[in-house]
Enquirer: 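Just dropping this structure here.
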Amino acid sequence: MKNQIFLILALFGMYFSFAQETTRRDSLQGGLRFERTCYDVLRYDLYLKVDPSKKWIMGTNEITFKVIEPTKKIQLDLFDNMIIDDISCFEFGKLEFTRDENAVFINFNTPLEKNKIYTLLFSYSGNPKIAKNAPWDGGFVFKKDNKGLDFIGVAVQGTGASLWYPCKDSQTDEPNLGASINVAVPNGLMNVSNGRFLGSKDLGDGYTRWDWEVKNPINNYDITINIADYVHIHDQHNGLDLDYYVLRENEEKARKHFEADVKPMLDCFQLKFGKYPFWEDGYKLVETPYLGMEHQSAVAYGNKFKKGYMGYDLSGTGVGMKFDYITIHETGHEWFGNSITSKDIADMWIHEGFTTYTETVFIECTQGYDAAIKYVNGQSKNVRNDKPIIGQFGVNREGSGDMYYKGSLLLNTLRHVVNNDEKWWSILLKYAETYKKQIIDTPTVIAFFNQESGYNLTPIFNQYLNHTSLPHLEIKTQGKSFQYRWKTDEPNFIMPIDIIIGSKKIRLQASNEWKKSKEPIASLEEIKVLTDKFYVKYN
């Protein structure tokens, strides 16, 4: 139990810190000043060399962008511990720049023309930040496999992709035309990145370059490198390429382990959320020296081929031990987080709440409704209600770690508010398809669910996302019947809730005002509130 508690705390530890004062560095990374909004990134072409012995990288990012508004200055980002070797552009030659924290402001002699496309060559080098506890803090991970060979990965969500390569480090902009990731590593090792493998080339200097290309738009933090003595396992499922890259020593166990979950998972998710969003880039699981991350079309896998979360059930119900948590959760992000992306990380519940709910959806697909309800309610013990799920905008600040489990329980609640499963699944499917490969915000999500459900769900979303307390259902006797109301932070709160009296199921149309029921009762003990379907506090 102590180990399980430790794992739970580790999983969400980075979210449990108290509110911090924001700094200029935060606003430079999280804000949207003109120098960022005046251009649109079209493509990244990254060329990198990694020296494991020195924990050092050097490379160039060819950044192709389109000018939205004429400007003589743009902002890119690269952590200030990294060295900028050169920035140039074909039309202007070598460019002058200034650094402010991790922001790099690039100056042009004459204004860039509106709607014109330019390509910058941004060369850099240095020792990138090393993560202390990836993936919960950003950085590189340099480890060894059991044979003493290098085993290297990188995870940067929240911290920022500019930790290791120059980019516009904002979720508001993805390279519309995809990216290429070309990485040279010492001979005998392989690099696996996002998208399709294009080929490798021996550079004749003790290094081999491995070339990959992504056809789809991709989040900055999803772009990744994975370096090891990998063995490649290839499969297909209904026309989708499935590729697994695992340490050579784990090939046999990986074949059996992935076979158990991946195909049923893909069948379930495509039924509920639509066709796999990145079909052109294929689906990959890549073994990593850290637990996992949703790197688009190259999902990082470090769960050591165990069921549950490193052999533990975070729901405490037993249901979570029937599947590999990392495979299911991180793949769920392909739909929610990678395909549908939040504009600001303050809205990261759009990634994590929906993706945590995909675990429950997978359970319902494979084990049935009762098991799914048991699992999602088991997650409630991990909710802290410490601070709002939605964070502070414009300063690269996420909200509470409750975005995971409370976000999932919110969706389970909405399902039972809708009270029509056929309608609920059609709403989820339409949501995933409507905003496929788009960048959105919370008001967009709320407006969509309002429209499709036919209910005003805004107060419900606001209560769960912007306040720490749960909707509190108060019931008191009145004569031979009872009165009921919601006590909430959100004004004008209306949400139906189901109760059972005897063998009769009753839906109360509760609001902040006391209402009287016509159902006769002798005492409150006769009333059972269905808190497994509605995540609320009762009396």
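Everything numeric in this text was worked out from a predicted model, so none of it was measured.
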Enquirer: Start with the C-alpha distance between T327 and D261, add both sets of side-chain angles, then the distance that settles side-chain hydrogen bond (donor to acceptor under 3.5 Å, both in side chains), and finish with yes or no.
Expert: CA-CA 8 Å; T327 299; D261 281 344; 5.1 Å; no

Enquirer: Which pair of non-hydrogen atoms, one from N396 and one from G158, has the smallest distance, and what is that distance?
Expert: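 That closest heavy-atom pairing would be ND2-O, 3.1 Å.
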
Enquirer: One pair to check against side-chain hydrogen bond (donor to acceptor under 3.5 Å, both in side chains): Y301 and E330. What are the steps and the verdict?
Expert: CA-CA 8 Å; Y301 176 85; E330 303 303 348; over 6 Å; no

Enquirer: Are the side chain of K476 and the backbone N or O of Y484 linked by a donor-acceptor pair below 3.5 Å?
Expert: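 Flag not set: sc K476 to bb Y484 has no pair under 3.5 Å.
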
Enquirer: If you look at every heavy atom in M321 and Y312, which pair is closest and at what distance?
Expert: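 Heavy atoms of M321 and Y312 come nearest at SD-C, 3.6 Å.
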
Enquirer: Taking all non-hydrogen atoms of both residues, which atom of F140 and which atom of P128 are closest, and how far apart?
Expert: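 Of all heavy-atom pairs spanning F140 and P128, the closest is CD1-CG, 3.6 Å.
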
Enquirer: Taking the side chain as everything from C-beta on, heavy atoms only, tell me whether L271 gets closer than 4.5 Å to W425.
Expert: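 Result no, sub-4.5 Å side-chain heavy-atom pair not found.
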
Enquirer: Evaluate the criterion side chain to side chain contact (heavy atoms under 4.5 Å, CB included) for residue pair Y405 and V376; output intermediate values, then yes/no.
Expert: CA-CA 8 Å; Y405 292 140; V376 74; over 6 Å; no

Enquirer: Could you tell me if S517 and E519 have a donor-acceptor pair between their side chains, going purely by distance under 3.5 Å?
Expert: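 Note: E519 and S517 side chains miss the donor-acceptor criterion.
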
Enquirer: Just by distance, do the side chain of D347 and the backbone of T442 share a donor-acceptor pair under 3.5 Å?
Expert: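 Yes; judged by distance alone, with no hydrogens or angles, the pair exists.
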
Enquirer: Tell me whether N377 contacts the main-chain N or O of I373 through its side chain, where contact means a donor paired with an acceptor under 3.5 Å.
Expert: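 Yes, the answer is positive, given that a donor and an acceptor are paired below the 3.5 Å cut-off.
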
Enquirer: Could you tell me whether the side chain of Y39 and the main chain of Q75 form a donor-acceptor pair under 3.5 Å?
Expert: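 Answer holds: yes.
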
Enquirer: Go through S339 and E334 one step at a time and tell me if the side-chain hydrogen bond (donor to acceptor under 3.5 Å, both in side chains) criterion holds.
Expert: CA-CA 6 Å; S339 178; E334 293 282 50; over 6 Å; no

Enquirer: Quick one: salt bridge (charged side-chain N to carboxylate O under 4.0 Å, His left out) partners of E490, sequence neighbours excluded?
Expert: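 Salt bridge (charged side-chain N to carboxylate O under 4.0 Å, His left out) list for E490, sorted by chain: empty.
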
Enquirer: Quick test of your reading of the model: are R24 and D100 salt-bridged, counting only N-O distances below 4.0 Å?
Expert: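 Answer for the salt bridge query: yes.
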
Enquirer: Roughly how far, to the nearest 0.5 Å, is the CG atom of L314 from the CD atom of E359?
Expert: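 Between E359 CD and L314 CG, I get 8.0 Å after rounding to 0.5 Å.
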
Enquirer: Under a 4.0 Å threshold between the charged nitrogen and the carboxylate oxygen, would E364 count as salt-bridged to R415?
Expert: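 Answer for the salt bridge query: yes.
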
Enquirer: Do any N or O atoms from the side chain of Y290 and from the backbone of V154 form a donor-acceptor pair under 3.5 angstrom?
Expert: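 Here the side-chain-to-backbone pair exists.
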
Enquirer: Apply side chain to side chain contact (heavy atoms under 4.5 Å, CB included) to N385 and K406, showing your working.
Expert: CA-CA 8 Å; N385 287 315; K406 191 175 180 180; 2.9 Å; yes

Enquirer: Considering only heavy atoms from C-beta outward, does the side chain of K515 approach that of Q483 to under 4.5 Å?
Expert: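 No; the side chains remain at least 4.5 Å from each other.
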
Enquirer: Roughly how far apart are I521 CD1 and S481 OG, rounded to 0.5 Å?
Expert: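 So the gap between those two atoms works out to 6.0 Å.
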
Enquirer: Under a 4.0 Å N-O cut-off, is there an ion pair linking K132 with D137?
Expert: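 Looking at K132 and D137, the cut-off is not met.
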
Enquirer: Rounded to the nearest 0.5 Å, how far apart are CG of N219 and NE2 of H295?
Expert: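 Reported value, rounded in 0.5 Å steps: 10.0 Å.
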
Enquirer: Under 4.5 Å between any side-chain heavy atoms of K322 and T366, yes or no?
Expert: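 The answer is no; the side chains never approach within 4.5 Å.
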
Enquirer: Taking all heavy atoms of G138 and all of K129, pick out the closest pair and write down the distance.
Expert: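 Scanning both residues completely, I find the closest heavy atoms to be O-NZ, 2.7 Å.
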
Enquirer: Starting from the C-alpha separation in whole Å, work towards a yes-or-no answer on side-chain hydrogen bond (donor to acceptor under 3.5 Å, both in side chains) for S453 and W424.
Expert: CA-CA 8 Å; S453 70; W424 172 250; over 6 Å; no

Enquirer: Parallel, tilted or perpendicular: which describes the rings of H333 and H329, with under 30° parallel and over 60° perpendicular?
Expert: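 Perpendicular: the ring planes of H333 and H329 meet at over 60°.
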
Enquirer: Locate the shortest heavy-atom distance separating S162 from D169; write the atom from each residue and the value.
Expert: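 Heavy-atom minimum between the residues: OG-OD2, 2.6 Å.
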
Enquirer: For K533 and D498, what are the C-alpha separation, side-chain angles and deciding distance, and is it a salt bridge (charged side-chain N to carboxylate O under 4.0 Å, His left out)?
Expert: CA-CA 8 Å; K533 297 175 172 57; D498 295 331; over 6 Å; no

Enquirer: Residues in salt bridge (charged side-chain N to carboxylate O under 4.0 Å, His left out) with D77, at least two apart?
Expert: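 Scan of D77 (salt bridge (charged side-chain N to carboxylate O under 4.0 Å, His left out), adjacent residues dropped) gives R36.
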
Enquirer: Any salt bridge linking E513 with R485? Criterion: basic side-chain nitrogen under 4.0 Å from a carboxylate oxygen.
Expert: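 Answer for the salt bridge query: no.
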
Enquirer: Is a salt bridge present between D324 and K307, judged by a nitrogen-to-oxygen distance below 4.0 Å?
Expert: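 Here D324 does not pair with K307 in a salt bridge, since their nearest N and O are not under 4.0 Å apart.
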
Enquirer: Only one of N176, N338, T341, N216 passes side-chain hydrogen bond (donor to acceptor under 3.5 Å, both in side chains) with K437; say which it is.
Expert: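 When N176, N338, T341, N216 are each tested with K437, the side-chain hydrogen bond (donor to acceptor under 3.5 Å, both in side chains) holds only for N216.
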
Enquirer: Taking atom types as modelled and ignoring hydrogens, do the side chains of T23 and D26 form a donor-acceptor contact shorter than 3.5 angstrom?
Expert: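 T23 vs D26: donor-acceptor pair found between side chains.
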
Enquirer: Keeping the roles fixed (side chain from N420, backbone from K423), state whether a donor-acceptor pair exists under 3.5 Å.
Expert: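 Looks like yes, one N/O pair under 3.5 Å.
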
Enquirer: Are any of the side-chain heavy atoms of Y165 and N220 separated by less than 4.5 Å?
Expert: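 Yes, close enough: below the 4.5 Å cut-off.
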
Enquirer: Ignoring hydrogens and angles, tell me if any N or O in the side chain of N512 forms a donor-acceptor pair with the backbone of N492 under 3.5 Å.
Expert: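 At least one qualifying donor-acceptor pair exists.
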
Enquirer: Using 4.0 Å as the upper bound for N to carboxylate O, is an ion pair formed by R99 and D80?
Expert: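 A salt bridge is absent here (no side-chain N lies under 4.0 Å from a carboxylate O).
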
Enquirer: State the CD-OH distance between E352 and Y404, to the nearest 0.5 angstrom.
Expert: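 It is 3.5 Å, given to the nearest 0.5 Å.
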
Enquirer: Give me the ring orientation class for F449 and F354: parallel if the planes are under 30° apart, tilted from 30 to 60°, perpendicular past 60°.
Expert: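 Tilted, since the angle between the ring planes falls between 30° and 60°.
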
Enquirer: Quick one: does E294's side chain get under 4.5 Å of Q157's, heavy atoms only?
Expert: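 Touching, per the 4.5 Å side-chain cut-off.
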
Enquirer: Strictly under 6.0 Å, is that where the ring centroids of Y325 and F323 end up?
Expert: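 Aromatic pair excluded; centres sit 6.0 Å or further apart.
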
Enquirer: Whether the side chain of N226 engages the backbone of G153 through a donor-acceptor N/O pair (distance < 3.5 Å, no angle test) should be reported.
Expert: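 No.
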
Enquirer: If we ignore angles and hydrogens, is there a donor and acceptor under 3.5 Å between the side chains of S400 and D386?
Expert: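 Present: a donor and an acceptor within the cut-off.
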
Enquirer: With rounding to the nearest 0.5 angstrom, report the CD1 to CD1 distance, I74 to I63.
Expert: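 It is 7.5 Å, given to the nearest 0.5 Å.
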
Enquirer: State yes or no: are the ring centers of F336 and F273 separated by less than 6.0 Å?
Expert: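 Ring centres of F273 and F336 closer than 6.0 Å.
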
Enquirer: I'd like to check H467 versus P388 (side-chain heavy atoms, cut-off strictly below 4.5 Å). Are they in contact?
Expert: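 No. Closest side-chain heavy atoms not under 4.5 Å.
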
Enquirer: Taking the side chain as everything from C-beta on, heavy atoms only, tell me whether L28 gets closer than 4.5 Å to N102.
Expert: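 They are not in contact (no side-chain heavy atoms under 4.5 Å apart), so the answer is no.
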
Enquirer: Mind checking the CD1-CD1 spacing from I350 to I440? Nearest 0.5 Å is all I need.
Expert: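 Between I350 CD1 and I440 CD1, I get 5.0 Å after rounding to 0.5 Å.
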
Enquirer: If you compare all heavy atoms of K374 against all heavy atoms of V319, which two are closest, and at what distance to 0.1 Å?
Expert: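 Scanning both residues, the minimum pair turns out to be CD-CG2, 4.0 Å.
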
Enquirer: Can you name the residues that form a salt bridge (charged side-chain N to carboxylate O under 4.0 Å, His left out) with D489, not counting sequence neighbours?
Expert: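 With sequence neighbours excluded, D489 shows a salt bridge (charged side-chain N to carboxylate O under 4.0 Å, His left out) to no residue whatsoever.
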
Enquirer: Ignoring hydrogens and geometry beyond distance, is a side-chain donor-acceptor pair present between Y375 and Q367 at under 3.5 Å?
Expert: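 No - no donor-acceptor pair under 3.5 Å links their side chains.
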
Enquirer: Under a 3.5 Å distance rule, please check whether R33 uses its side chain to pair with a backbone N or O of S27 as donor and acceptor.
Expert: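 Answer holds: yes.
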
Enquirer: Looking at T413 and Y535, would you say the former's side chain and the latter's main chain have a donor-acceptor pair under 3.5 Å?
Expert: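 A pair under 3.5 Å: yes.
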
Enquirer: Taking the inter-plane angle between the rings of F448 and Y431 on a 0 to 90° scale, is it parallel (under 30°), tilted (30 to 60°) or perpendicular (over 60°)?
Expert: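 Ring orientation of F448 relative to Y431: tilted.
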
